[in-house]
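I have placed the structure first, in the form of structure tokens, so that the comments after it can refer back to it.
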Number of protein chains: 2
Amino acid sequence: MGNHREHPGFDVFSPRCPSRQTLENVTGRWGSLTLAALADGPLRFGALRRRIEGVSEKMLSQTLKALEADGLVSRTDHATSPPRVDYALTAPGEQVAAAVVALISALYAVLPDVLSAESSA
Amino acid sequence: MGNHREHPGFDVFSPRCPSRQTLENVTGRWGSLTLAALADGPLRFGALRRRIEGVSEKMLSQTLKALEADGLVSRTDHATSPPRVDYALTAPGEQVAAAVVALISALYAVLPDVLSAESSA
DNA sequence: CGGCATCCGAATGGATACTG
DNA sequence: CAGTATCCATTCGGATGCCG
């Protein structure tokens, strides 16, 4: 179980499958970090920006829009002054974010090997 | 357990942490698909190219090089005629690839929700 | 077959300035 | 604070041609 081949309806290897685009939104440059950041709980725009170091306003905005369009992230505009907007994971978003966090954990686990591989290059 | 916060030595949210670059290699446009493809076993360059539909020769070559430099993928040149080069996951690569496959599985599971979210946009 | 080198248009993405 | 708009440099990435 747990193998991607067990979902006959979708094929991420095919450019025409919608899963491909969603995969790119999720695994894109900022997508994975955004989901991982929100896995710890809802965050405001500015807090997200500070948490994901190096992301520009523009890219964060774009990334959040894509994830929101995918229904993985929800946006709550409190319409107050000063403005306050919260971003949070939806139920599907939680599922995907958990997998992203697991991937990052797996990465951390092998990073010592990776670093020694790079130093011997 | 399984949370990324449990690895104090590394922080993927910091641009200076080497894990960040590796994460981008793994989750990059073609990185995740390459790892997923190799999760089923070693493949030759051409087979890989056919499996990952839409990837160009140049990008596949570049992606494989990055993953090889990270020590996640191994390259075996049989030096025969006609040429034959096999790509396979290393032990660390297997760990990461398994997490990628799990992520894709999670994605498949929520895709119906994603698609309905998109259609109502 | 499995590459690498080059060219070039397209897309990405950051800095800055501006708005509600 | 939470964006949007514009400009611009960098990078991406496909097409082509060549090599062992």
Side-chain angles (χ1 to χ4, degrees), chain A residues 13-16 20-35 37-38 41-70 73-89 121, chain B residues 12-16 20-34 37-38 41-70 73-89 121:
Chain A
F13 291 105
S14 166
R16 256 93 47 200
R20 179 83 163 251
Q21 177 60 50
T22 303
L23 179 69
E24 286 182 13
N25 290 342
V26 169
T27 64
R29 179 111 184 255
W30 304 112
S32 53
L33 290 174
T34 301
L35 290 175
L38 290 175
L43 286 175
R44 300 179 57 172
F45 186 86
L48 260 178
R49 181 151 159 52
R50 278 185 301 275
R51 178 99 174 93
I52 307 170
E53 297 175 48
V55 71
S56 69
E57 220 174 349
K58 176 183 171 183
M59 284 304 104
L60 180 56
S61 180
Q62 228 172 62
T63 301
L64 285 168
K65 247 178 222 186
L67 293 176
E68 195 194 352
D70 284 339
V73 165
S74 68
R75 195 189 109 109
T76 306
D77 190 338
H78 293 269
T80 55
S81 180
R84 179 196 176 101
V85 181
D86 282 315
Y87 291 92
L89 295 173
Chain B
V12 84
F13 290 106
S14 167
R16 256 95 44 203
R20 179 83 163 252
Q21 178 60 50
T22 304
L23 179 69
E24 286 182 14
N25 290 341
V26 168
T27 66
R29 180 106 185 260
W30 304 111
S32 53
L33 290 173
T34 302
L38 290 176
L43 286 175
R44 299 180 56 175
F45 185 87
L48 215 39
R49 181 150 156 53
R50 279 186 302 274
R51 179 101 173 91
I52 307 171
E53 298 175 48
V55 70
S56 71
E57 179 189 271
K58 177 183 171 180
M59 284 305 105
L60 180 57
S61 178
Q62 204 171 301
T63 301
L64 286 168
K65 242 176 226 185
L67 293 176
E68 195 194 351
D70 284 338
V73 164
S74 68
R75 195 189 109 108
T76 308
D77 191 337
H78 294 268
T80 55
S81 179
R84 178 194 176 103
V85 181
D86 283 314
Y87 291 91
L89 295 173

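Labels below follow one simple rule: chain letters A, B, ... track the order of the sequence lines, proteins then strands, and each chain is numbered from 1.
Nearest heavy atoms, A/Phe13 versus B/Leu33: CE2-O, 3.4 Å. The two residues B/Arg44 and B/Asp86 come nearest to each other via the heavy atoms CG-OD1, 3.2 Å. The two residues A/Ala37 and A/Leu48 have their closest heavy-atom pair at CB-CD2, 3.8 Å. Residues A/Val73 and A/Leu89 share a closest heavy-atom pair of CG2-CD2, 4.3 Å.
Rounding to whole angstrom units, CG of residue B/Leu64 and C1' of C/dC4 are separated by 14 Å. Atom-to-atom, CG of B/Leu43 to C1' of C/dG3 comes out at 17 Å; the value is rounded to the nearest Å. In this structure, the CG atom of B/Asp77 is 7 Å from the P atom of C/dG3, given to the nearest Å. Rounded to whole Å, the distance from CG on A/Asn25 to P on C/dT12 is 11 Å. If you take CG of B/Leu60 and P of C/dC1, they are 14 Å apart, rounded to a whole angstrom. Computed from coordinates, the A/Asp86 CG to D/dC1 C1' distance equals 12 Å when rounded to whole Å.
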What string of B, S and - do you get for nucleotides 10-20 of chain D, 5' to 3', when a contact is any protein heavy atom under 4.0 Å? ---BB-----B
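Between its two ends, the helix from C/dC1-D/dG20 to C/dG20-D/dC1 turns its axis by 50°, counting five pairs per end and rounding to 10 degrees.
For the pair A/Tyr87 and D/dG3, the criterion of a side-chain N or O lying under 4.0 Å from OP1 or OP2 is met. Residue B/Arg44 places none of its side-chain N or O atoms closer than 4.0 Å to OP1 or OP2 of C/dC1.
Panel note: side chain A/Ser81, backbone A/Pro83; no donor-acceptor pair is recorded below 3.5 Å. Between the side chain of A/Arg49 and the main chain of A/Val55, a donor-acceptor pair closer than 3.5 Å is present.
Using a 4.0 Å heavy-atom distance criterion, B/Arg75 is classed as a sugar-phosphate-only contact.
You'll find the side chain of B/Thr34 reaches within 4.5 Å of the side chain of B/Leu67, heavy atoms only.
A search for side-chain contact (heavy atoms from CB on, under 4.5 Å) contacts involving A/Ser32 returns A/Val100, B/Leu23, B/Thr27, not counting sequence neighbours.
For B/Phe45, counting side-chain heavy atoms from C-beta on, the closest listed nucleotide (C/dG2, D/dG3, C/dC4) is C/dG2. Of the candidates C/dC1, C/dC4, D/dG3, C/dC4 carries the atom nearest the B/Lys65 side chain, counting heavy atoms from C-beta on.
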